[in-house]
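Notes for the one structure printed next.
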Amino acid sequence: MKKLPINKSILKKIVDEDCCYVDKTIFIKQMLDAGDGYWFLSRPRRFGKSLLLDTIRSAFAGEKELFKGLYLEKNWDWTVAYPIVNISFGNGTQRCLDEFNCTVNDILNQNARKYDLTLESTSLPYRFRELLEKLNQKFNLGVVVLVDEYDKPLLDNLTQDVAGEMREGLSSFYSVLKDADRYLKFVFLTGVSKFSKTSIFSKLNNLTDISLKPDYADICGYTQHDLETVFKDYLKNLDLKKIKAWYDGYNFLGNNLYNPYDVLLYLDNKVFKSYWFETGTPSSLVNGSL
């Protein structure tokens, strides 16, 4: 019996450790075929966004061996491996603009070192653009940019005086993507919030927001079919109606969805609890700052 992928957001680990995997790769092909290169998805925490991003990364990196039996295995051009810039604000907390700038600088440097590049610009937006330009020149291919928890530096400081500076810092950083279109192949940003285009994304106004698009409603989370097929070995002698009553009901203008974190921990512990609420509730909702 396959293992439960609890707290696993790396596709390679799921495959190597023979874990259950709900195939969402059809949505990756769907986005690529649509032709729009800039994508945005908002979903609650612990809903599978990071795993989705890593799956996108693995596909563009040409890691075909990880997609055996998945939709993309026979529906993807595996002859090309694109340069990829990974940006995540999920680790740590930036409590001032200087900390934010240091974090971004470290992220850019890590991505540059991965491809044996040296960045010379001192301004962070210019360093970001320089990285994209040099990657494009080195590989003669468009760059894939993947951003996880794009909004965390702002959400961590919504009730603080520094919130305005964080918003401007993020806006300036993300605005690079609009003017760097010639260097880019695909851009995907995720987060838990959906800030208006007059704030963080005021200069990046070419994003395709799929947060509430019916065609992408099931891109994260488990459908009833996912639960009953992928996890069927774990459902023996369990009360499906009670599982549905506890953990089903999320809806993004498509099928009702189960929260993955709740489902996996319940199947592991066989105890009904509010697993997501205990660990995934954004403080910004609890304290009323959103």
Side-chain angles (χ1 to χ4, degrees), residues 1-31 41 43-76 78 86 88 90 146 148-149 188 190 192 216-252 254-280:
M1 186 165 64
K2 288 183 176 292
K3 301 175 184 176
L4 293 171
I6 297 173
N7 293 324
K8 287 184 171 56
S9 58
I10 304 297
L11 180 61
K12 189 176 189 305
K13 285 188 175 182
I14 289 176
V15 173
D16 289 348
E17 298 177 22
D18 194 28
C19 296
C20 298
Y21 180 76
V22 176
D23 186 4
K24 302 288 185 177
T25 62
I26 189 172
F27 294 107
I28 302 174
K29 184 66 161 58
Q30 189 172 308
M31 284 187 284
L41 176 69
R43 284 292 185 273
R45 288 199 173 110
R46 295 189 177 276
F47 222 86
K49 300 187 300 299
S50 295
L51 176 56
L52 173 64
L53 270 183
D54 187 70
T55 305
I56 294 173
R57 183 205 61 76
S58 295
F60 278 107
E63 298 172 353
K64 183 180 180 180
E65 69 279 4
L66 301 180
F67 292 83
K68 185 177 181 180
L70 303 181
Y71 177 83
L72 278 192
E73 181 186 14
K74 298 180 180 179
N75 295 278
W76 193 260
W78 297 107
N86 288 292
S88 175
L146 305 175
D148 198 10
E149 298 204 45
F188 194 88
T190 73
V192 301
Y216 295 94
D218 303 345
I219 195 170
C220 291
Y222 299 158
T223 65
Q224 189 70 33
H225 180 264
D226 293 333
L227 177 68
E228 295 183 13
T229 55
V230 178
F231 301 100
K232 64 180 180 180
D233 291 337
Y234 286 90
L235 296 176
K236 296 175 182 177
N237 302 319
L238 296 182
D239 188 338
L240 284 177
K241 290 184 178 179
K242 193 170 182 181
I243 296 174
K244 186 178 182 66
W246 267 82
Y247 302 124
D248 188 28
Y250 294 87
N251 194 297
F252 303 96
N255 293 308
N256 273 5
L257 297 169
Y258 290 85
N259 176 276
Y261 188 71
D262 276 329
V263 168
L264 294 176
L265 288 186
Y266 168 71
L267 293 179
D268 186 45
N269 299 321
K270 304 298 190 299
V271 175
F272 286 104
K273 291 177 60 177
S274 299
Y275 297 105
W276 178 85
F277 189 83
E278 292 176 0
T279 64

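The structure presented is a predicted model; accordingly, all values stated were derived computationally and were not measured. Worth knowing before you read on, the calculation uses all heavy atoms, side chains too, and leaves out hydrogens, waters and symmetry mates.
- For the atom pair CD1 of Ile56 and CG of Leu11, the computed distance is 11.5 Å after rounding to the nearest 0.5 Å.
- Side-chain contact check for Thr190 versus Arg43: every heavy-atom pair is 4.5 Å or farther apart.
- Contact between Tyr275 and Val271 at its shortest, heavy atoms only, is OH-O, 2.5 Å.
- Only one option out of Lys232, Gln224, His225 pairs with Glu228 in a side-chain hydrogen bond (donor to acceptor under 3.5 Å, both in side chains); it is Gln224.
- The side-chain heavy atoms of Ile243 and Leu235, taken from C-beta on, include a pair separated by under 4.5 Å.
- Between Leu51 and Ile14 the shortest side-chain heavy-atom distance falls below 4.5 Å.
- Nearest heavy atom pair, residue Asn7 against residue Arg46, reads OD1-NH1, 3.4 Å.
- Using a 4.5 Å heavy-atom threshold, the side chains of Trp276 and Leu265 count as separate.
- Although no hydrogens or angles enter the test, the distance criterion places a donor-acceptor pair under 3.5 Å between the side chain of Lys270 and the main chain of Leu267.
- A distance of 9.5 Å separates CH2 of Trp246 from NZ of Lys273, quoted to the nearest 0.5 Å.
- A donor-acceptor pair under 3.5 Å is formed between the side chain of Lys49 and the backbone N or O of Pro44.
- Of the residues listed (Tyr250, Tyr222, Tyr258), the one engaging Phe47 in a ring pair (Phe, Tyr, Trp, His ring centres under 6.0 Å) is Tyr250, and it is the only one.
- A tilted orientation is assigned to the rings of Phe67 and Trp78, their planes being inclined by 30° to 60°.
- Between Lys8 and Asp54, no side-chain nitrogen of the basic residue sits less than 4.0 Å from a carboxylate oxygen of the acidic one, so the salt-bridge criterion is not met.
- Panel note: side chain Asn251, backbone Gly254; a donor-acceptor pair is recorded below 3.5 Å.
- Salt bridge Arg57/Glu63: present, at least one basic N to carboxylate O contact under 4.0 Å.
- Taking 4.5 Å as the limit, some side-chain heavy atom of Cys220 sits within range of a side-chain heavy atom of Leu41.
- Using a 4.5 Å heavy-atom cutoff, the side chains of Leu52 and Phe27 are not in contact.
- Distance check: Lys74 NZ to Lys29 NZ gives 15.0 Å after rounding to the nearest 0.5 Å.
- Summarising the geometry, atom CG belonging to Asn255 is positioned 4.5 Å from atom CG belonging to Asp218; distances are rounded to the nearest 0.5 Å.
- The nearest pair of heavy atoms linking Arg45 to Val192 is CG-CG1, 3.3 Å.
- Between Phe272 and Tyr247, the angle of the ring planes stays under 30°, which puts this pair in the parallel group of the 30/60° scheme.
- The backbone N or O of Lys2 sits nowhere less than 3.5 Å from a side-chain atom of Asp233 that would complete a donor-acceptor pair.
- The 12-atom threshold is not exceeded at NZ of Lys3, counting heavy atoms of other residues, nucleotides or ligands nearer than 6.0 Å.
- From Asp268, atom CG reaches atom CD1 of Ile6 across 3.5 Å, with rounding to the nearest 0.5 Å.
- Ring-plane geometry between Trp76 and Phe60 is classed as perpendicular, the angle between the planes exceeding 60 degrees on a 0 to 90 degree scale with a lower cut at 30.
- Within the 4.5 Å cutoff, side-chain heavy atoms of Leu257 are placed close to those of Thr223.
- Considering only heavy atoms from C-beta on, Pro5 stays 4.5 Å or farther from Tyr21 through its side chain.
- Considering every non-hydrogen atom in both Gly221 and Lys24, the closest pair reads O-NZ, 2.7 Å.
- Checked by atom type and distance alone, the side chain of Thr25 pairs as donor or acceptor with a backbone atom of Leu72 at under 3.5 Å.
- Taking all atoms of both residues into account, the shortest heavy-atom contact from Ile26 to Tyr71 is CA-CD2, 3.5 Å.
- Taken to the nearest 0.5 Å, the SG atom of Cys19 stands 12.5 Å off from the CD1 atom of Ile10.
- Heavy-atom minimum distance, Leu4 versus Leu264: CD1-O, 3.8 Å.
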